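Shown next, in structure tokens, is the structure this report addresses.
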Amino acid sequence: MKTKKLTEQKIEIFKTKTSFDTENLNLISDLKEVPLKKKKRWRFLIILLILSFVSFGTHEFWKFREQKKQKEIEQIRQKTVKEKFNTDESCEVYSLRATQNGYFLCYNCGDTNTIFLFKGEIWKYGKTCIGEDNRYGNLEEINLQFYIEFTGTEQQCLIIEKEKIYNYPTLPECLKREIKLIRPAGNKIDR
Amino acid sequence: MNINIRQFGFTERTDIADINKFDGVLELRNILNDKLNLLDYTNKIEKIVFVYIAVDIEKHRKTENFIKFRTKSKTIELGVNLPYNEFITADKETEFMLLKNAYIEGIETLLSKRKDIDWKKLSADFKKLFEN
């Protein structure tokens, strides 16, 4: 009798869908469930709308970047060999990497012009061909190492360099940062 | 931006992905800048930048050892090849030995071409630093 009274009371209090195992009086659903008030529902919907816009905007931005990259690569491919490319495999795509933890100049950091890089992280991508003078003194001054990423013809290197610059945001070292750079700190443009 | 006014500078030209392989270079740099003074060997050169070249020549083009003098900055850049296969498999002690040997090689084969620096004294003082 006492058990039946208790059950009836609970049914009155909790108006949400709740299933009871009346024999064992086990409340299966969450007892703390309370219907959403109208105000909270609207707030939730507004936040959801804003998040949708932001994610849509972000998606469109990266889609635009990808299309730009493909267009530029296509332009490189269409340039004839005679124009100016070295056809022998004497060009390199390189990255300049931090040799120690520290602050480095940043051309893509918005309001700040420095970024903290950990040892081994990439500061810049570039391309160089035989005969071009590498200024190692400058690299040494700013604690950078010249790392060879790829060797090939000039045209191949231009394409690889471009792909590396555009794909930089997907690198783990970039993803873990609060400030998301669209290209390495030392690359002023997408080239 | 990190701007260091070191008399003895070091950097690498390499395809070795493991950046910790060159920890010995930082150690060498600190020792030289602490213990040696470039003014003891020359008054016409303000900085020597040593470039360790560690590149697999089967995959990338070979860079010959080089010496360059930058007039404006009065900097000498020396580039010496490390024995790649030996370096890449070396333990820390052997790595450091290879770095020291390459430095001595740079002084004695490349820096010796210049008349405005007492390269013999520099080489002797460098070797003395690691005698013990």
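Only a predicted model underlies this, so the values are computations on that prediction, with no experimental measurement involved.
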Of the backbone (N, CA, C, O) and the side chain (C-beta and beyond), which part of [X] lies under 4.5 Å from a heavy atom of chain A, both, or neither?
X: B:Glu77; answer: side chain
X: B:Ala17; answer: both
X: B:Lys59; answer: backbone
X: B:Arg70; answer: side chain

Under 3.5 Å, sequence neighbours excluded: what are the donor-acceptor pairs made by side chains of residues 18-28 of chain B?
unit_1: B:Asp18; atom_1: OD1; unit_2: B:Asn20; atom_2: N; d: 3.0
unit_1: B:Asn20; atom_1: OD1; unit_2: A:Lys119; atom_2: NZ; d: 2.9
unit_1: B:Lys21; atom_1: NZ; unit_2: B:Phe87; atom_2: O; d: 3.0
unit_1: B:Lys21; atom_1: NZ; unit_2: B:Ile88; atom_2: O; d: 3.4
unit_1: B:Lys21; atom_1: NZ; unit_2: B:Ala90; atom_2: O; d: 3.0
unit_1: B:Lys21; atom_1: NZ; unit_2: B:Glu95; atom_2: OE2; d: 2.5
unit_1: B:Asp23; atom_1: OD1; unit_2: A:Lys119; atom_2: NZ; d: 2.6

message: Any salt bridge linking B:Glu131 with B:Lys127? Criterion: basic side-chain nitrogen under 4.0 Å from a carboxylate oxygen.
response: no

query: Should the pair A:Arg97-A:Glu173 be classified as a salt bridge under the 4.0 Å nitrogen-to-oxygen rule?
result: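 Between A:Glu173 and A:Arg97 there is no salt bridge, as every charged N stays at least 4.0 Å from the carboxylate O atoms.
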
Part of A:Asn134 lying under 4.5 Å from any heavy atom of chain B: both

- prompt: Which bit of A:Ile115 is near chain B, if near means a heavy-atom gap under 4.5 Å: side chain, backbone, both or neither?
  reply: neither

- prompt: So B:Phe8 and B:Phe10, ring pair (Phe, Tyr, Trp, His ring centres under 6.0 Å) or not? Walk me through it.
  reply: CA-CA 7 Å; B:Phe8 298 94; B:Phe10 292 84; 7.8 Å; no

message: Going by the rule side-chain contact (heavy atoms from CB on, under 4.5 Å), which residues pair with B:Lys120 if we only count those two or more places apart in sequence or in a different chain?
response: B:Asp118

